[in-house]
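Heads up: the structure comes next, in structure tokens.
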Amino acid sequence: MSDQQLRETAISCAGCGVKLQFQDPEQAGYIPEAAVQKEPVICQRCFRIKHYNEASSVAVDQDDFLKLLGSIGTTDSLVVHIVDLYDFEGSLITGLQRFVGNNPVLLVVNKIDLLPKGMNTNRIRNWVQKQAKAQGLRTIDVVLCSAKRNMGFEHVIEALDRHRGDRDVYVVGATNVGKSTLINRLIRDYSDMERELTTSRYPGTTLDAVNIPLEDGKSIIDTPGIVYASRMTEVVPRSFLGSLLPDKPIKPLVYQLNEQQTLFIGSLVRFDFVEGERQSFTLYISNALNVHRTKLERADSLYDDHKGELLGAPTLEELESIPEWTRHSLRVRQGEKQDVFISGLGWIQVNGMRGALMDVYAPKGVKVLLRDSMI
């Protein structure tokens, strides 16, 4: 097949949905001519992700995402919004209600397998509903699941059957929330298609809308993941994502701190307990990250002398590409149960009820905020 024929037939990659092309290996959709005879037909980028767990950085235009989202409002569809429980505030699409119009939204909360064992899922579900409502999102249902571990997936199917009716389904979400993994499960349950979408731990795997025909003539439309620069996953180099993103249940780390003590989370984030009574703080982060405690008065010199080494990853070389820290001053009032949420990293639960003043240093642009405690 020539490049001209490829253009005329407008074949899309079966893995990420992007239009295929023979010309430029640096651009999205490149495929060597010899590979076009293979089934399924996938671009070189998807081939590398699938077989070598290797990702190339192909940027997708943010305006195109918003246009695609805006077009959903003109359809009669069920919108499935997939979020990452581990990075809830970082993966919720802000202003989604504005884009989807009157279409109902089913909120699917993925990665519940990362929560510590023995969690009360009803309480988590209530927490999710409350947080979504506070963000202005109206949902017809909230379903908790783990696409990777096949937990709760029957509830996703039940909810789709209950709410879809005679409509198409649009699946939306930020990058790296497990959207393609979930879609692959839907393909197996709902469609006789042989192909699967490309899945990886790298952000932005799906590059264009992928249309999956269903047996009743309707479709599931998988949209590209929205890239939020405010998530730690977008800020760190790809070589560090394996340490940043947990792949098994988190083992919470509890630290009893006096005021004027500091915790370093690797060489990535600094947490200062500036003022308050002695109390405990629980860290819900990847257990691959190193945590180091010191006195606040020593924190500056310790970081300057030992970042990327004694304090743990990222390495000095990886730190060069990460933005400088911004300080966030946060105060938990007396009687409140709150988390310090750091998008893409996890959260720190403030366990005392007597109030606390804290400073958090995180790479510039990363979302840091206080929220009601999840756990």
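Nothing here was measured: the structure is a model prediction, and the numbers come from that model.
Checked for salt-bridge contact, R354 and E277 meet the test: a charged N lies under 4.0 Å from a carboxylate O. Residues K130 and D372 are paired through a salt bridge, judged by an N-O separation under 4.0 Å between the basic side chain and the carboxylate. Of the charged side-chain nitrogens involved, none lies within less than 4.0 Å of a carboxylate oxygen, so that K367 and D87 do not count as a salt-bridged pair. One finds a salt bridge joining R125 and D141 here, because a Lys/Arg side-chain nitrogen approaches an Asp/Glu carboxylate oxygen to under 4.0 Å.
A heavy-atom distance below 4.5 Å is not found between the side chains of Q97 and V79. Inter-residue side-chain proximity for V83 and V177 is flagged as unmet; no heavy-atom pair is nearer than 4.5 Å. Taking the side chain as every heavy atom from C-beta outward, P363 and T326 never approach each other to under 4.5 Å. Using a 4.5 Å heavy-atom threshold, the side chains of F271 and F281 count as touching. Between Y228 and S91 there is no side-chain heavy-atom pair separated by less than 4.5 Å. E318 is listed as a side-chain neighbour of T315, based on a closest heavy-atom distance under 4.5 Å.
For the 3.5 Å distance criterion, the side chains of T262 and D272 qualify, holding a donor opposite an acceptor. A donor and an acceptor atom, one from each side chain of N351 and Q349, are located under 3.5 Å apart. Checked by atom type, the side-chain pair Q131/E89 shows a donor-acceptor distance below 3.5 Å. Between the side chains of S329 and D359, a donor-acceptor pair is found at a separation under 3.5 Å.
Judged as a ring pair (Phe, Tyr, Trp, His ring centres under 6.0 Å), and not counting sequence neighbours, the contacts of Y284 are W347.
Contact between T223 and V171 at its shortest, heavy atoms only, is OG1-O, 2.7 Å.
Q261 places a side-chain N or O within donor-acceptor distance of the main-chain N or O of N258, the cut-off being under 3.5 Å. Remark: the backbone N or O of L311 is paired with a side-chain donor or acceptor of N290 at under 3.5 angstrom.
When the shell of 6.0 Å around CZ of R293 is examined, it contains more than 12 heavy atoms from other residues, nucleotides or ligands.
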Determine, stepwise, if the pair K111 / D84 fulfils salt bridge (charged side-chain N to carboxylate O under 4.0 Å, His left out). CA-CA 6 Å; K111 304 192 186 180; D84 177 352; 3.3 Å; yes
